[in-house]
*Asks:* 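Shown below is the structure under consideration.
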Amino acid sequence: MEALGKTPQDYMRMALRLARQGEGWVSPNPMVGCVVVKDNRVIAEGFHEKYGGFHAERNALLRCQEDTKGAELYVNLEPCCHYGKTPPCTEIILEKKIKKVYVGCLDSNPKVAGKGIQFLREHGVQVETGILEEECRKLNEVFFHYMEQKLPFAAMKYAMTLDGKIACETGDSRWVTGEEARNYVQSLRNRYRGIMAGIGTVQADNPLLNCRMEGGRDPVRIICDARLRIPCDSQIVETAGRIETIIAWNRQAAEAFRRASAPAAQGDGGRRPFAPADIPGQVKSLPEKVGYLKEKGVVLWEIPLKAGGEAPKLDVRHLMERLGVHGIDSILLEGGGTLNASMLREGLIQRVYAFVAPKLVAGANAKSPVEGVGISQMKDAVELRDVEVSAMGRDVCISGRIGKEAPCLPEL
Ligand code: AOF
Ligand code: ZN
């Protein structure tokens with residue numbers, strides 16, 4: 001059979017390629033691809049195309065025009081054996097008289113978790129597991145993390161100069177990297193279910209945080225804004241009606257901020273600034289602002305504060321847990337440095353995408369990707385594993401997994 005040159009690994013690679021076509025559309029389900037082979041010929045292909053839709057195996061087997069009796073099936077994830085949104089894949093595998101199933105890796109969904117393979121074996125189907133297991137685990141790193149930890153898989157993404165700055169001293173940051181790297185970021189935004197940024201980034205850049213990739217879909221935008229300082233005329237608020245937008249805030253922090261930044265007319269001698277978040281003359285009080293944001297389509301989540309530090313900071317672990325419950329399996333963390341540090345400290349980041357541009361901007365006050373309080377000895381540095389380096393135009397992308405659990409950085 002293998003005289004023709006195709007190995008189980010080759011077919012599994014095909015299944016993996018097919019699986020990837022579901023990227024962006026199947027979350028929080030895994031990406032799954034399936035290839036059916038008979039007499040050394042691929043007789044059917046399929047993948048999980050959309051959340052709630054048929055699974056890869058069913059798509060492949062239903063579309064197959066030929067007799068599948070005695071065929072072999074390759075799938076990157078263990079076939080499911082439960083009734084979910086669709087009937088179990090194990091049943092159609094039996095129905096279609098598949099002789100042998102090659103599996104990439106086991107499903108960690110407790111409803112499946114080895115039971116799919118057991119069911120097949122008990123019904124006389126041969127099963128071989130662990131074909132390209134590492135690649136298969138990596139393709140669905142988000143799914144496995146979310147399933148096992150019940151927390152979104154978070155990837156911290158930033159673009160910096162060769163001297164480690166994400167902006168000039170003036171705050172100007174357009175653009176650090178070139179077009180190729182920026183296009184790649186758009187594909188990441190398509191891949192991750194949510195995108196998270198701190199209020200500082202919103203105030204500084206007035207970003208849209210959408211996905212501008214052709215055929216892509218917008219991630220849910222999550223803004224960490226303890227004091228509810230978001231400008232009412234920011235692009236985020238303006239577009240909240242059509243792009244799901246969650247603002248995580250804290251009522252006490254917002255009230256205290258309002259009091260401190262009340263207009264000078266209230267008798268403080270003009271020292272305190274106006275709240276920068278208001279559209280002058282339109283939104284005056286905190287309840288009015290809350291009402292205005294809701295009317296615009298923003299979803300407001302009240303989150304407790306994390307003790308310590310000067311400025312009030314949200315409890316990001318609490319927020320991540322809530323995002324997990326909300327069905328957000330993955331987030332792309334786009335800074336800034338303070339939020340990045342909080343997330344890293346809590347052990348909430350699983351992957352880093354660092355884009356490095358071959359340019360220098362200098363300046364002790366120019367911001368860097370991760371701020372907060374750092375570690376004191378190099379031996380305690382947060383190490384990445386499975387590091388990949390790829391050139392993108394004149395820039396470089398370095399990506400890797402963070403293995404360390406919380407806390408990664410010193411407590412405040
Ligand atoms: C497979 N093949 O293509 C996929 C699987 O809600 P449902 O019915 O779509 O079930 C989702 C679960 O099914 C998901 O958590 C995972 O365990 C499995 N996904 N299994 O055999 C597929 N997408
Ligand atoms: Zn299935």
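Whatever order the structure lists ligands and atoms in, that order sets their numbers, starting from 1. For clarity, every value in this text was computed on a predicted model and none was experimentally measured.
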*Asks:* With atoms numbered from 1 as shown, which atoms in ligand 1 lie under 4.0 angstrom from a non-hydrogen atom of T86?
*Replies:* 8 (O)
*Asks:* Quick one: which ligand 1 atoms are inside 4.0 Å of a heavy atom on M147?
*Replies:* 15 (O)
*Asks:* For A56, counting its heavy atoms only, list the atoms of ligand 1 lying under 4.0 Å from any of them.
*Replies:* 3 (O), 22 (C)
*Asks:* What protein heavy atom sits nearest atom 18 (C) of ligand 1, and how far off is it?
*Replies:* D107 OD2, 3.6 Å
*Asks:* Check whether NZ of the Lys or CZ of the Arg R137 lies under 6.0 Å from the centre of the six-membered ring of F144 and within 45 degrees of that ring's axis.
*Replies:* yes
*Asks:* What atoms of ligand 1 come closer than 4.0 angstrom to any heavy atom of N29?
*Replies:* 9 (O), 11 (C), 14 (C), 15 (O)
*Asks:* Which N/O/S atom belongs to H55 and is the closest one to the Zn ion (ligand 2)?
*Replies:* ND1
*Asks:* Is it true that atom NZ of K367 has more than 12 heavy atoms of other residues, nucleotides or ligands lying nearer than 6.0 Å?
*Replies:* no
*Asks:* Quick one: which of V316, I246, V220 gives a side chain to side chain contact (heavy atoms under 4.5 Å, CB included) with L323?
*Replies:* I246
*Asks:* Numbering the atoms of ligand 1 from 1, which are under 4.0 Å from a heavy atom of E78?
*Replies:* 21 (O)
*Asks:* Nearest protein heavy-atom contact for atom 6 (O) of ligand 1: which residue, which atom, what distance?
*Replies:* K85 CG, 3.3 Å
*Asks:* Can you tell me if T245 and R221 form a side-chain donor-acceptor pair at under 3.5 Å?
*Replies:* yes
*Asks:* Quick one: look up the protein heavy atom nearest atom 15 (O) of ligand 1 and list residue, atom name and how far away it is.
*Replies:* N109 ND2, 3.0 Å
*Asks:* Is there a polar contact between ligand 1 and P79, counting only N or O atoms under 3.5 Å apart?
*Replies:* no
*Asks:* What verdict does the side-chain contact (heavy atoms from CB on, under 4.5 Å) test give for E66 and V36, after you've listed the backbone C-alpha separation in whole Å, the side-chain angles of each residue and the deciding distance to 0.1 Å?
*Replies:* CA-CA 10 Å; E66 300 184 33; V36 185; over 6 Å; no
*Asks:* Give the atom numbers and elements of ligand 1 that come within less than 4.0 Å of a heavy atom of H82.
*Replies:* 10 (O), 12 (C), 13 (O)
*Asks:* Strictly by modelled atom types, are D172 and T170 linked by a side-chain donor-acceptor pair under 3.5 Å?
*Replies:* no
*Asks:* Which atoms from ligand 1 have a heavy atom of C89 less than 4.0 Å away?
*Replies:* 21 (O)
*Asks:* Under a 4.0 Å threshold between the charged nitrogen and the carboxylate oxygen, would E49 count as salt-bridged to R63?
*Replies:* yes
*Asks:* Provide, to 0.1 Å, the distance between atom 23 (N) of ligand 1 and the closest protein heavy atom, together with that atom's residue and name.
*Replies:* H48 CD2, 3.2 Å
*Asks:* Near F143, which atoms of ligand 1 are under 4.0 Å from a heavy atom of that residue?
*Replies:* 15 (O), 16 (C), 17 (O)
*Asks:* Checking side-chain polar atoms at under 3.5 Å, does D10 have a donor or acceptor matched by the opposite partner on T7?
*Replies:* yes
*Asks:* Would you tell me which option among R58, H55, E57 has the nearest heavy-atom contact to atom 5 (C) of ligand 1?
*Replies:* H55
*Asks:* Using 30° and 60° as the class limits, which term best fits the ring planes of Y74 and Y102: parallel, tilted or perpendicular?
*Replies:* parallel
*Asks:* Going by the closest heavy atom to atom 19 (N) of ligand 1, which one wins out of C80, P30, P88, G116?
*Replies:* P30
*Asks:* Could you give me the CA-CA distance, side-chain angles and deciding distance for Y146 and F153, then say whether ring pair (Phe, Tyr, Trp, His ring centres under 6.0 Å) is met?
*Replies:* CA-CA 6 Å; Y146 183 54; F153 180 100; over 10 Å; no
